[in-house]
Amino acid sequence: MDQYRVFGNPIAQSKSPFIHQKFATQTKQKINYESELVELDQFEVAVECLIANNGKGANVTAPFKEQAFALCNQLSERARLAGAVNTLIFSNGVIYGDTTDGIGLVSDLLRHQIQLQNSNILLLGAGGAAKGVVQAILEQAPKSLTIANRTLSKAQAIADQYPHAEVNAVTFEATEHLIFDIIINATSVGLSGVNLPISDQTISSASTCYDMVYGLEPTAFLKQAKLLDVDNIIDGLGMLVGQAAASFYLWRNVRPDVEPVLAALRKQLSQ
Ligand code: ATR
């Protein structure tokens, strides 16, 4: 049977095996997908071992996305721009790397009927998570994309990668009097309860607030948006299933239906 893995450290919390097994049943694909805890210096060995054992592909999560990027002999353009890989495809001795996080985010926004085209988007954060979604957002032709980060130079470095697009880099403080349609939180503060210094005025200007993180409780950012009555408040569970669906499609050339899997995960999360 074709073998797939998700490599990470830690990995016990990963929902990917559940998601991919559901996709496989739904689409009648005979695959085996499991999670694998990899020691920090053993990533390459884990990949080689999978390839030698009928491995056809893998997902890669923290902290291995950059190592995966370095290991690939071929990369998609979007993986090259992100500097990270979350999907590996093994074929004829080639390790091909791609990143589906951006598709996961965009497909989830579109699923919620949120138009990115011609909208003004604020992306909070300039780490790996932010970097991984910028190209996919720009492909939707927004009017502008503003990247706000605590460390301005990191936001500027991402903006500099896209000289032909309307990408601005700012500090959090500089967003105070700006107006956006969509605000996406890609910082790692997530469920830690840390409030980002984004003003109520900026948040209430938006019709959509999205956090890439998900959990039983909304993040501090989504709580703030809720208090301010923002129309669409969305967590990152749909992005997780969306990126998995895009990986599954790359491997199997079949598009799974995300809705029933997302519903099952949402139910699990609330139990
Ligand atoms: P990830 O892969 O999750 O993106 P990362 O690459 O370490 O992780 O990036 C973390 C992001 O969250 C960065 O944008 C970071 O801001 P800095 O670049 O200034 O470090 C942001 N971040 C983390 N903790 C934060 C905090 N307490 N307040 C504001 N931003 C924070």
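All ligand and atom numbering here is 1-based and tracks the order in the structure. Position 1 is the first residue of the sequence, and the numbers go up from there.
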Backbone of T87 reached by a side-chain donor or acceptor of W251 within 3.5 Å
no
For N149 and A126, indicate whether the former's side chain and the latter's backbone hold a donor-acceptor pair under 3.5 Å.
yes
Working to the nearest 0.5 Å, report the span between CG of L250 and CZ of R252.
12.5 Å
Gap between atom CD of Q201 and atom CD of E176 - 0.5 Å precision:
6.5 Å
Does some non-hydrogen atom of the protein lie less than 4.0 angstrom from atom 17 (P) of ligand 1?
yes
Which is closest to atom 9 (O) of ligand 1 in terms of heavy atoms, G125, A126, G127?
G127
So for N149 against ligand 1, with non-hydrogen atoms under 4.0 Å, the contacting part is side chain
Quick one: nearest non-hydrogen protein atom to [atom], plus distance?
atom: atom 6 (O) of ligand 1; result: G128 N, 3.0 Å
atom: atom 24 (N) of ligand 1; result: V189 CG1, 3.6 Å
atom: atom 29 (C) of ligand 1; result: L196 CD2, 3.6 Å
atom: atom 20 (O) of ligand 1; result: R150 NH2, 2.9 Å
atom: atom 19 (O) of ligand 1; result: T151 OG1, 2.5 Å
atom: atom 10 (C) of ligand 1; result: S188 OG, 3.4 Å

Is A129 in polar range of ligand 1, meaning some N or O pair under 3.5 Å apart?
yes
Could you say whether the N/O atoms of T187 and ligand 1 ever approach to under 3.5 Å?
no
Within the 3.5 Å criterion, strictly below it, is a donor on [X] or [Y] matched to an acceptor on the partner's side chain?
X: N59; Y: Y33; value: yes
X: T202; Y: S205; value: no
X: T219; Y: D211; value: yes

Which ligand 1 atoms are under 4.0 Å away from a heavy-atom of K154?
17 (P), 18 (O), 20 (O)
Hydrophobic cluster mates of V170, side-chain heavy atoms under 4.5 angstrom, ILVMFWY only, any path?
none
